[in-house]
Amino acid sequence: MNRPLHTLKSMPMVDITADMEAIIKQAILSFVATVNDDGTPSLSPKASLTVRGGQLYFADIASPRTIRNLKRYPAVEINVVDMFQRRGYRFTGRAVILSPGDDEYSMIADWVRATNGQEYPVDHVVRIETMAISPLLSPAHVFADPPRSQDEIRNTYLERYGVGSGACAPRDAG
């Protein structure tokens, strides 16, 4: 559901469920969409999307364009899909940019550095005020006849990508 930013300002935030958090942990990579100053879309991969206290966060490790775009126009959409389960979520909302010295910044920056190494720069942390969430489902979920279980779908794509079942283990969320 696409709404103008002025409409998003007045909408209540939407809760992140345990399933959404599990997909984020398992998928690892997400894609953050922002709007460039000329109105064109900008898509940036993020491996730092995480949930803390029911809120979405990601770190600005090497994303100057994303931060520049969000400072000018805080509308954001994040897509995360577990490629083996062939499902995920679309999160739409407003970004709040946090800088060093903020407690939330420190919580996420510490997690990024503990997970990846102390040398990782965390210039900003972005908290998402999530206004809308919608599921993303592959045709494998929608059109299979007869319907397939989640385990059947996962096993099919593990085989297709040539990986063992251990590849689906969720990462440590820190």
Side-chain angles (χ1 to χ4, degrees), residues 2 5 8 13-138 157 161 163 167-174:
N2 296 331
L5 183 62
L8 292 177
M13 289 194 357
V14 180
D15 291 333
I16 307 295
T17 67
D19 184 63
M20 294 170 194
E21 187 170 355
I23 291 288
I24 290 167
K25 287 178 185 177
Q26 283 188 237
I28 300 174
L29 191 62
S30 62
F31 294 88
V32 173
T34 61
V35 180
N36 290 317
D37 60 359
D38 65 358
T40 59
S42 177
L43 190 63
S44 182
K46 305 284 181 244
S48 62
L49 185 67
T50 190
V51 178
R52 295 291 190 277
Q55 299 225 307
L56 287 176
Y57 295 88
F58 68 83
D60 165 22
I61 296 169
S63 301
R65 180 183 303 168
T66 299
I67 297 302
R68 186 172 53 248
N69 287 346
L70 292 174
K71 284 181 176 179
R72 185 182 30 71
Y73 191 69
V76 64
E77 183 167 288
I78 301 172
N79 281 219
V80 59
V81 175
D82 182 302
M83 64 189 240
F84 301 114
Q85 292 189 55
R86 308 300 283 187
R87 67 185 191 91
Y89 292 95
R90 174 176 305 169
F91 302 94
T92 304
R94 292 177 46 84
V96 176
I97 300 169
L98 309 169
S99 298
D102 183 285
D103 289 343
E104 290 172 289
Y105 166 92
S106 297
M107 171 181 62
I108 302 304
D110 291 348
W111 169 73
V112 166
R113 292 180 183 126
T115 302
N116 300 297
Q118 291 299 314
E119 69 279 7
Y120 268 66
V122 178
D123 296 322
H124 303 89
V125 166
V126 179
R127 181 182 69 234
I128 308 302
E129 295 175 347
T130 307
M131 306 301 182
I133 302 171
S134 56
L136 295 171
L137 293 175
S138 157
Y157 285 95
Y161 286 102
V163 296
C168 282
R171 67 182 172 162
D172 179 11

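How far CD of Glu21 is from CG of Leu56: 9.0 Å, rounded to the nearest 0.5 Å. Here the CZ-OG distance, from Phe58 to Ser44, works out to 7.5 Å after rounding to the nearest 0.5 Å. One finds the CD1 atom of Ile97 at 9.5 Å from the OG1 atom of Thr66 (value rounded to the nearest 0.5 Å). Atoms CE and CD, on Met83 and Gln26 in that order, are 12.5 Å from each other to the nearest 0.5 Å. In this structure, CG on Asn79 lies 11.0 Å from CG on Leu29, to the nearest 0.5 angstrom.
Looking at every heavy atom in both residues, Trp111 comes nearest to Leu49 through CH2-O, 4.3 Å. Nearest heavy atom pair, residue Tyr105 against residue Ser99, reads CB-O, 3.3 Å. Nearest approach of Val80 to Ala27, heavy atoms of both residues: CG2-CB, 3.6 Å.
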Are Val32 and Val76 close enough, and set up right, to give a side-chain contact (heavy atoms from CB on, under 4.5 Å), and what steps lead you there? CA-CA 7 Å; Val32 173; Val76 64; 3.5 Å; yes
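Applying the salt bridge (Lys or Arg N to Asp or Glu O under 4.0 Å) test to every pair with at least one member in residues 101-118, sequence neighbours left out, gives these pairs: Glu104-Arg127. Identified under the salt bridge (Lys or Arg N to Asp or Glu O under 4.0 Å) test for residues 55-75, with sequence neighbours left out: none.
Side-chain N or O atoms of Ser30 include one that pairs as donor or acceptor with a backbone N or O of Lys46 at under 3.5 Å.
At least one side-chain heavy atom of Ile133 sits under 4.5 Å from a side-chain heavy atom of Ile16.
Every residue meeting the side-chain hydrogen bond (donor to acceptor under 3.5 Å, both in side chains) condition with Thr40, not counting sequence neighbours, appears here in chain and number order: Asn36, Asp38. Scored by the side-chain hydrogen bond (donor to acceptor under 3.5 Å, both in side chains) test, Asp123 finds no partners at all (sequence neighbours excluded). Partners of Thr34 under the side-chain hydrogen bond (donor to acceptor under 3.5 Å, both in side chains) rule, at least two apart in sequence or in another chain, are Asn69. Partners of Asp19 under the side chain to side chain contact (heavy atoms under 4.5 Å, CB included) rule, at least two apart in sequence or in another chain, are Thr17, Ile23, Arg87, Tyr89. Residues passing the side chain to side chain contact (heavy atoms under 4.5 Å, CB included) test with Pro41, sequence neighbours excluded: none. When the salt bridge (Lys or Arg N to Asp or Glu O under 4.0 Å) test is applied to Arg86, no partner is found at least two apart in sequence or on another chain. For Ser138, the side-chain hydrogen bond (donor to acceptor under 3.5 Å, both in side chains) criterion is met by no residue, not counting sequence neighbours.
With no hydrogens or angles considered, no side-chain donor-acceptor pair links Thr92 and Arg90 at under 3.5 Å.
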